[in-house]
Structure formats: C-alpha cells, structure tokens
Engineer: 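Provided herewith is a single structure, encoded as structure tokens, for subsequent inquiry.
Proteins get letters first, then strands, A, B, ... in listed order; numbering begins at 1 in each. Remember, it's a predicted structure, so these values are computed and weren't measured experimentally.
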Protein chains: 2
Amino acid sequence: MARKLSTLDPQRLDNQICFAVYSAAHAFNRVYKPLLDRLSLTYPQYLVMLVLWERDDVPLKDIGERLFLDSGTLTPLLKRLEAAHLVKRTRSSEDERQVLIALTPQGHALKDKARSVPQSILAASDCSVSELVAMKDEIVALRDRLNAVIGE
Amino acid sequence: MARKLSTLDPQRLDNQICFAVYSAAHAFNRVYKPLLDRLSLTYPQYLVMLVLWERDDVPLKDIGERLFLDSGTLTPLLKRLEAAHLVKRTRSSEDERQVLIALTPQGHALKDKARSVPQSILAASDCSVSELVAMKDEIVALRDRLNAVIGE
DNA sequence: CGACATTCAATTGCGAACAATTAAATGTGA
DNA sequence: TCACATTTAATTGTTCGCAATTGAATGTCG
C-alpha cells in the first residue's frame, strides 16, 4: 500500500490549520511584547483593557464572555491590573455574587498611550487593511463554528 | 471632533485580527482537549509528537525551530513525554551540547491511535478542505511576515 | 595552543489558561 | 417558608510560554 504524499497527509504538522493558528498567535504575541512593555501590560491584560475602554464598570463575567476566559484566568489577572492602579474591583450591591470592574483615571488615560499600538501591528502584518479584515472575518467564523461544537 | 465609527475604530476589540487568532487558537485547544485526553497528551505535546512522527531522533533545537518554542518550554515538556514512556532523551555523542529526542515503541505506536484526530478537527471546523487549506496558507504567510519583523 | 565568543540545554521566576473544587449569594418550586 | 438548584468568583494544582541566567561543550582567531 502506497504511503500518502506528505503534502496531503492529514497527520503532517504543516498541513494542519490549528498549528498555523497556534503559531500565528505566538507570533502576534512576540510582536506585541515590546509595544505592550511600554504600557506595562501583558497581551491578555491588553485585551481586558480593550474591553473596558469600550465599556466600563462591567461584571467580570461579561469580560470573560467577551474574551472566552473564565474566572480562574481573570481573577488573578484583574488583581494584577488593580495592583497596577488601572482598575477597581467592587462587589455589585444589587447582586453580591458579581464583581464589577471599573477603570481608574490611570486606566482611562492609558487608552491614549495605547492608540499607536494597532498601527504598529498593522505595519508588522505587512498587509492591506482589507486583506486583514477579510482574514479576520474568516478566522472569527471558524472560531465560532469550533465554539459551537464545544457546546454540543 | 467626531468620534470614529466603532466599525472602523482600530482600538476596538472585534476589529483586531490578533484577537481573532488568539481566540481561535483557544477554540481549537478546547476542541482538541477531549480528543487528546484519550491519548493522554496536551496540545503542545501532540505538536511535538507530530514532529517526531515525521522524523525521529532529532535534536531538541530542531523541534524548537519547527514549533517556534525554546528550551525553556520544551525541556520540561519532553521530560513529561519521557516520564510517559513516549520518548527517550539522550545526549548526542558527536556534540555533547545537543539532546536528541527519539520515539519509544509506544511513541511510535501512538501515531496510529492519533490517526482519527485530524478528521475530527476537520468535522468540527465544518468547512471544506480547500477552504481550510486556503485559510491555513494565508495565516502561515501572515505568521511568517510577523516573525520576519521580530528578527528586525 | 589558549583566550574568547558562540551554541545549546537546563533552570528560575512570572503570567497566563484551564479543570476541578469551594463558598457565598441568588433563584425556584413544593 | 424552606429545601434545593443555579450562578458567580475565588482558589488550587498542572501545564504552557517566555525572559533571563547559568553552565558545559564547541568553535574561532590571534
């Protein structure tokens, strides 16, 4: 029996889209690193700040749903952001189970300092905006199909 | 001064391809989890096994270049694979600095048990192979452009 | 040959990411 | 009302991922 050609072998690393996505995520992280170092943020912390810059004073749970992260990841991350004086964590008075995350003045102010980050990433991508938007939409659609499978 | 429309705001989370890639990587991870649990592998361990199933008895460094990972990540990971009797780690006799990674018989045998994994992922992707291949090639090209920027 | 730089793996420390569990607050139905 | 389930964050433990450092082996150049 002939062995499958490696260019078609589904078990071959370079034929797997998951590895493309996995390695691209790490490449993004490495490009972000020096940009975010100047803001003293890690990449996941930056994502949380992006959420909060859109809408402030939201429950931890909402941030988690937006970023697909749970409290096990977010609780310590938010404590670090609080230690850095970027957010405030307070129990909701209407529902004591919830923790509301609000930006501090420094947290708000950081948005301006972060304004150049997306352009730097765009430059590093070395790609037109329209191409990136098209790719982004395809990847998001794939992600949503994968997430749909997880919930059976 | 009018604020930019949110659909064009480069600082908006949902407009960023990096978040698409980041969240897709996690979605893949969650789909892989139950499949790899049956093999007692984590996803990064599975990637290492994919490399070794292609070519055996390779230096740790080569695995790292293939997966874009360094010894700080790979050394403990490979020790776990060795503890699971899937690989053997030996110092190269020609160059004592290198550690050669070889599959054990169990490590080789696992390839067959893992053969159904790519099909399951394909099914979860709910997408034609040709579309996936096209996306994969675009993502790999983007990743390579990003990595090119990192080395200045 | 011998000083020096380079290469490579291992180690340490920190920050994710997630499963599993715990505990408290809230909701629901008999 | 009261028993019970559900929701929510926090906690614990394991594994990645990477920066920075260490130490040993090898390469290079005077």
Engineer: Could you tell me whether Arg89(A) and Glu82(A) make a salt bridge, using a distance below 4.0 angstrom between a side-chain N and a carboxylate O?
Structural biologist: yes
Engineer: Can you say whether the rings of Tyr22(B) and His26(B) are parallel (under 30°), tilted (30 to 60°) or perpendicular (over 60°)?
Structural biologist: perpendicular
Engineer: Check this for me: does any side-chain nitrogen of one of Arg66(B) and Asp14(A) sit under 4.0 Å from a carboxylate oxygen of the other?
Structural biologist: yes
Engineer: Whole angstroms only, please: what is the CG-C1' distance between Asn29(B) and dA16(C)?
Structural biologist: 12 Å
Engineer: Heavy atoms under 4.0 Å, any strand shown: does Thr42(B) hit a base, just sugar-phosphate, or nothing?
Structural biologist: sugar-phosphate
Engineer: Within less than 4.0 Å of OP1 or OP2 of dA16(C), is there a side-chain N or O belonging to His26(B)?
Structural biologist: no
Engineer: Taking CD1 from Ile150(A) and C1' from dC18(C), how many angstroms apart are they, rounded to a whole number?
Structural biologist: 12 Å
Engineer: Measure from the side-chain heavy atoms of Ser71(A) and tell me the nearest of dA25(C), dA9(D), dC18(C).
Structural biologist: dA9(D)
Engineer: Just the rounded figure in Å: distance from C1' of dA10(C) to CG of Asp70(B).
Structural biologist: 11 Å
Engineer: Using the closest heavy atom to pick a nucleotide of DNA chain D for each, name whichever of Leu77(B) or Lys33(A) lands nearer the 5' end.
Structural biologist: Leu77(B)
Engineer: Relative to the 5' end of DNA chain D, which residue comes earlier, Pro44(B) or Gln98(A), by the nucleotide with the nearest heavy atom?
Structural biologist: Gln98(A)
Engineer: Would Ile150(A) end up clustered with Leu35(B) when hydrophobic side chains under 4.5 Å apart are linked, directly or stepwise?
Structural biologist: yes
Engineer: Nearest to the side chain of Arg30(B), which nucleotide is it out of dA9(C), dC18(C), dA25(D)?
Structural biologist: dC18(C)
Engineer: Taking for each residue the nucleotide of DNA chain C with the nearest heavy atom, is it Tyr43(A) or Lys79(B) whose nucleotide lies nearer the 5' end?
Structural biologist: Lys79(B)
Engineer: Rounded off to whole Å, could you give me the CG-to-C1' distance for the Leu41(A) and dC14(C) pair?
Structural biologist: 16 Å
Engineer: Measure up the Phe68(B) and Phe19(A) rings against each other and bin them: parallel (under 30°), tilted (30 to 60°), perpendicular (over 60°).
Structural biologist: parallel
Engineer: Base, sugar-phosphate, or nothing for Leu74(A), non-hydrogen atoms under 4.0 angstrom?
Structural biologist: nothing
Engineer: Rounded to whole Å, how long is the line connecting atom CZ of Arg89(B) with atom P of dT11(C)?
Structural biologist: 8 Å
Engineer: Side chain of Arg91(B) only, please: which of dA9(C), dT7(C), dA9(D) is the nearest?
Structural biologist: dA9(C)
Engineer: Quickly work out the Leu36(A) CG to dG15(C) P distance and round it to whole Å.
Structural biologist: 15 Å
Engineer: Consider the side chain of Lys61(A), meaning its heavy atoms from C-beta on, and name the nucleotide among dA9(C), dA9(D), dT7(D) that approaches it most closely.
Structural biologist: dA9(D)
Engineer: Quick one: Tyr46(A) OH to dA16(C) P, roughly how many Å, whole number?
Structural biologist: 15 Å
Engineer: To the nearest angstrom, how far is Arg97(B) atom CZ from dC8(C) atom C1'?
Structural biologist: 6 Å
Engineer: Under 4.5 Å between side-chain heavy atoms, counting indirect links through other Ile/Leu/Val/Met/Phe/Trp/Tyr residues: same cluster for Tyr43(B) and Leu122(B) or not?
Structural biologist: yes
Engineer: So, Ser128(A) versus Glu131(A): side-chain donor-acceptor pair below 3.5 Å or not?
Structural biologist: yes
Engineer: By the 4.0 Å heavy-atom rule, please label Leu69(B) as base, sugar-phosphate, or nothing.
Structural biologist: sugar-phosphate
Engineer: So what is the 5' to 3' dot-bracket string for DNA chain C, if pairs are Watson-Crick or G-U wobble with both distances under 3.5 Å, crossing pairs use [ ] and | means the partner sits on another strand?
Structural biologist: ||||||||||||||||||||||||||||||
Engineer: Should Leu36(A) and Val51(A) be counted in the same cluster of Ile, Leu, Val, Met, Phe, Trp and Tyr side chains packed under 4.5 Å apart?
Structural biologist: yes
